[in-house]
Structures are given as C-alpha cells and as structure tokens.
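Below is one structure, written out as structure tokens; comments come after it.
Quick note on labels: first sequence line is chain A, next is B, and so on, each numbered from 1.
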Protein chains: 2
Amino acid sequence: MKRFTIGRTAKAAGVNVETVRFYERRGLIEQPARPAGGRPREYDSGTVARIRFIRQAQDIGFSLREITELLSLRADPGADCADVRARAIEKREEVSARLERLSRMRDALDLLIARCPGGGDLRCCTILEAMEGNAGAGDSASFGTATTARKGKSEMKTTTMTIKGMHCDGCARTVEALLDRVPGVRKAEASFDAHQARVLHDQAEAPEADLVAAVAKGGFEAAVERP
Amino acid sequence: MKRFTIGRTAKAAGVNVETVRFYERRGLIEQPARPAGGRPREYDSGTVARIRFIRQAQDIGFSLREITELLSLRADPGADCADVRARAIEKREEVSARLERLSRMRDALDLLIARCPGGGDLRCCTILEAMEGNAGAGDSASFGTATTARKGKSEMKTTTMTIKGMHCDGCARTVEALLDRVPGVRKAEASFDAHQARVLHDQAEAPEADLVAAVAKGGFEAAVERP
DNA sequence: CTTGACTCCGTACCTTGGTACGGAGCGCAC
DNA sequence: GTGCGCTCCGTACCAAGGTACGGAGTCAAG
C-alpha cells in the first residue's frame, strides 16, 4: 500500500492538512504511529478513502458525530455481529428519514421552479410568494409600492405602447405588473397576442417616458404608439 | 395594519424573541423605529411574513446569507425573476446531488445489513467497503475547483458556449442569470434558438471552467466552442 | 551550510445560527 | 407603591466544524 505524508494525503482527499489533524483529534481517523527518528508519519490510501467518505457523508448532512458512528460499523473479528447489524439498521432508518426530508425539499423547490414564469418582474415571482408561506396568509405586502395618492391636478390619459420581448401571457402579466407599479398609473392591460399594452395614467405624475422605463426594467422594449 | 410587540411577533412567526433580534442584527429584517416616550417598538404583519419566509427558505436549504440575498432581490425593483429562479434551480441541483449520494449510502447500508446476519463473513462489513462494493456511479469528484486565489491582470474575453438542455426562452434567461452571478463575468447572453451563450468575462477571475460549472449548477450542459 | 518545503504540535481564532443573562425601564393590576 | 410581565440593549456564551499562527524539527537541493 502506498504511503503518503500528511500533506499529500490531505491533497488527495481534497481537504487541508489542518483538517486531517482535526479529524485525528476527533477520532474520525487514526493517527499513524510516528516512525522512529523523528521522521513524518505515514498515511495510506485507506485514510484518503476514509476522509473522502467523511466529506461525502457531511455533504449529505451527517454531523461528524454521526459519521463516527457510521464508520464504527464494522465487524471486528469477535465483535458481536448482531450489534453491528442493529446499529446498521438504526442508521438505515436515519438515512431514510433524511432522504425523505431532502426529497421533500426538492419537491418544494421543484414546485417553486415550475410555477415561476422564469423571467420578468418580481411582483409575479411565485417563488418568493410561496416562500412567504402559510397559505398566502393575506397581506404579504411588504414589497413597498406605497401607492401614495398624490394630489395636484391630474390629467388622465390612455397610452398605447408596442412591446417587444413578450414570449407568452405570463410576460404580458409581468408588463402589467411593471406598469401598475409606476406611481400615477391607474390601470394597465397588456396583450401578448397584440404585442401591446394600454395604460391609463396621469400624464403629470407618470409621463410616458416613465412607462417605457418601467417596462424596460423587466427586459422588454416599449415604444409609444402615436395614432 | 396590525401592530405587534416583539414578543407577539416572535410568537406569531414561531421563533423566539432573541431570534427576531438576531435577524435584525443580521439585517434580515428591519428594526422598526422606536416610538417616542420609550414605548416598545411596533412590528407589523409584514415582519411576521418575512420571518416566516426566512424559516421556510432555511428549511429548503438556504443559508441566512443566501436568504439575505433573496430578500434584497425582492426589495430591488429592477431585479429579475430569472435570477431568483436561477438560485432556486441551483439549490435544487445541490439537493438532488445530495439525494443521490444519500440514496447510495442507503444502498450501502442495505448491503451491509444483508451481509452481516450470519456473523460469518467479515469482509465487506464496513460502510466504506460496502459503498465501494456498490459504488458504481463514479462522480464523487465535487471536491476540486478550489477557487484558488487567482491573481494577475484582468484579461477580458468573450467566450461562446454551446448549451444543452434549454427548453425555452425562460431557460435562456436562467442560464444568463447563472452566468451573471459568476464573479468576473461582465455580460452574459444566452439564446434559446441558437442553443448558445456568449459571455464577456475576465479570464483570470472567471476562467472558462467556472462558467461551465456555473451553468451546470442549473442542470444545463455547457461546452466551450473553439473556433 | 543555508534555504525552502515540509512536518509536528499546541493554542487561538473564525463562522453559522442562534441562546442566555443581566441590568434597566415601562405600564398595569392589585 | 410593589410586583409581574413585558421590552430594550449589550454582552457573553454555545456547538459544530474548521482555519490560522507560531515555534521547532527534519530533509534535500543548491
């Protein structure tokens, strides 16, 4: 069996030297006896494998303590095999539970991802919404957008814009949301088929340039249509 | 909007008071201004929702730092849903990888249990051996790529990559978001039609391998195109 | 025979995600 | 006017899992 210094062992296992020593102190790996003459300790490929296993197990979510237990599952000649077996079964249960939990996590993420339109404004970001948790639980405002009703003379007007970059109805909804959030916009409707948006807005508070800019923030290109 | 004391907020969100304060210190939630007269600060249901969001996100595997980012994305009116989605997808890949390894570990334990009962055959009675025995799925790399301190002057370069696995424009947006988040990337454009991504990046800070890896995190396959 | 690259060992320090503690103040109820 | 229950604030502490640092020794090359 090949022999390594601690440095090479660490490198081979993808950890650093301090970590190897740390594992030794923790009893996760055995510290090889020091050869006579003050020469460096010699590690072998078994140690490397062991360290790799430790990292794998950690990555999966086991703590070092649990990993110690996993590693100690072995049948020493003479050891009580029934005991090993019992512990292995116990561990298997733990692993199963963990699997289930992780798998639920993945499902949750899948659901989030599937429902997300994948682009556009955060207003319609279903991921954030969903994570807000608890069945929508009303409110969920918290995104600012303080629809302050400003005073002053208002000159309402309807503007039609041609929008480039909408790929689906979801995009149209996004455009609407973007427009809705411009202060001074009373109503916004976007159509994917027509590649257009119609906006009822206060000309003073929400000039056309603001509308175009708002839409641009979502990655769309807007041009005001003049009849 | 209803107002709560910190205690009621904590209770409503299912955490304890110290935790609320801890999140405040971490900047995860905002500390409301203290009303004049030394009366207690007033929290609202938005804060409760936010805390719930934090816990949900933690539950699916996000760290507080990642959650901070998610939350700041939410607050950023210019932020793109694709970015949020990309993060979710990345997380999902992480979770998936873990699931796979975990399930291999369970298989290994099964093997261990199956071989152990008689007490006779002592070979293959450690998980290490059991895992080796049924390893199969090589992989296990996942360690390398140790973002070693890359020094040197920056050399900007445009790299074109062929991307497999994009199904729609939303996917292209996702790929862009994944690439954008690699440090050293100045600009990323992905085209669904061309099955390509073009990236302007600093060769030293963001080597091609990093780009490929970033895209892979979203479950896409990338190959650098050499002219 | 010096220099650099290691090893060895101990101790100190870091990050994450919180908990706990202690003194001070406020409002209310009795 | 004295508790009780709460808030406020700072600081300390916890467990896990490392990382970093400093002084000393060893070895091989130049």
B:Arg21 CZ to D:dC9 C1', straight-line distance once rounded to whole Å: 7 Å
Counting side-chain heavy atoms from C-beta on, which of C:dG17, D:dT7, C:dC8 comes nearest to A:Ile6? C:dC8
Are A:Gln58 and D:dG18 close enough that a side-chain N or O sits under 4.0 Å from OP1 or OP2? yes
Taking D:dG17, C:dC8, D:dC9 as options, the one with an atom nearest any side-chain atom of A:Phe22 is D:dG17
Mind checking whether A:Leu70 and A:Phe62 have side chains closer than 4.5 Å, heavy atoms only? yes
So what does B:Arg41 touch, heavy atoms closer than 4.0 Å: a base, only the sugar-phosphate, or nothing? sugar-phosphate
Measure CZ/A:Arg25 against P/C:dG10 and give the value in whole Å, please. 9 Å
Find the distance B:Lys11:NZ to D:dG5:P and express it as a whole number of Å. 13 Å
Out of C:dT11, C:dT19, D:dC21, which has the shortest distance to the side chain of A:Glu18? D:dC21
OP1 or OP2 of D:dC8 sitting under 4.0 Å from any side-chain N/O of B:Gln31? no
Counting only side-chain N and O atoms of A:Thr5, is one of them less than 4.0 Å from OP1 or OP2 of C:dT7? yes
Has A:Tyr23 got a side-chain N or O lying under 4.0 Å from the OP1 or OP2 atom of D:dG18? yes
Quickly work out the A:Arg8 CZ to C:dA5 C1' distance and round it to whole Å. 12 Å
Most 5' of B:Arg39 and A:Thr19 on DNA chain D, judged by nearest nucleotide: B:Arg39
Under a 4.0 Å N-O cut-off, is there an ion pair linking B:Asp202 with B:Arg186? no
Rounded to the nearest angstrom, tell me the gap between atom CD in B:Glu42 and atom P in D:dT7. 12 Å
With distance as the sole test, does B:Thr9 use its side chain to make a donor-acceptor pair with the main-chain N or O of B:Thr5 at under 3.5 Å? yes
Side-chain contact check for B:Leu64: nearest option of D:dG17, C:dC9, C:dG18 is C:dG18
OP1, OP2 of C:dG18 versus side-chain N and O of B:Asn16: anything below 4.0 Å? no
Please determine whether a side-chain nitrogen of the Lys or Arg among B:Lys157 and B:Glu208 lies less than 4.0 Å from a carboxylate oxygen of the Asp or Glu. yes
Are OP1 or OP2 of D:dG18 and a side-chain N or O of A:Arg55 less than 4.0 angstrom apart? yes
Atom pair distance, as rounded to whole Å: CD in B:Glu24 and C1' in D:dG10: 14 Å
Between B:Lys187 and B:Glu189, does any side-chain N to carboxylate O distance fall below 4.0 Å? yes
B:Glu66 and its salt bridge (Lys or Arg N to Asp or Glu O under 4.0 Å) partner, picked from B:Lys91, B:Arg181, B:Arg87: B:Lys91
Quick one: A:Ile29 CD1 to D:dG18 C1', roughly how many Å, whole number? 14 Å
From CD1 of B:Ile51 over to C1' of C:dG17, roughly how many Å is that when rounded to an integer? 15 Å
Counting only side-chain heavy atoms from C-beta out, which of C:dT19, D:dT7, D:dA16 sits nearest to A:Arg26? D:dA16
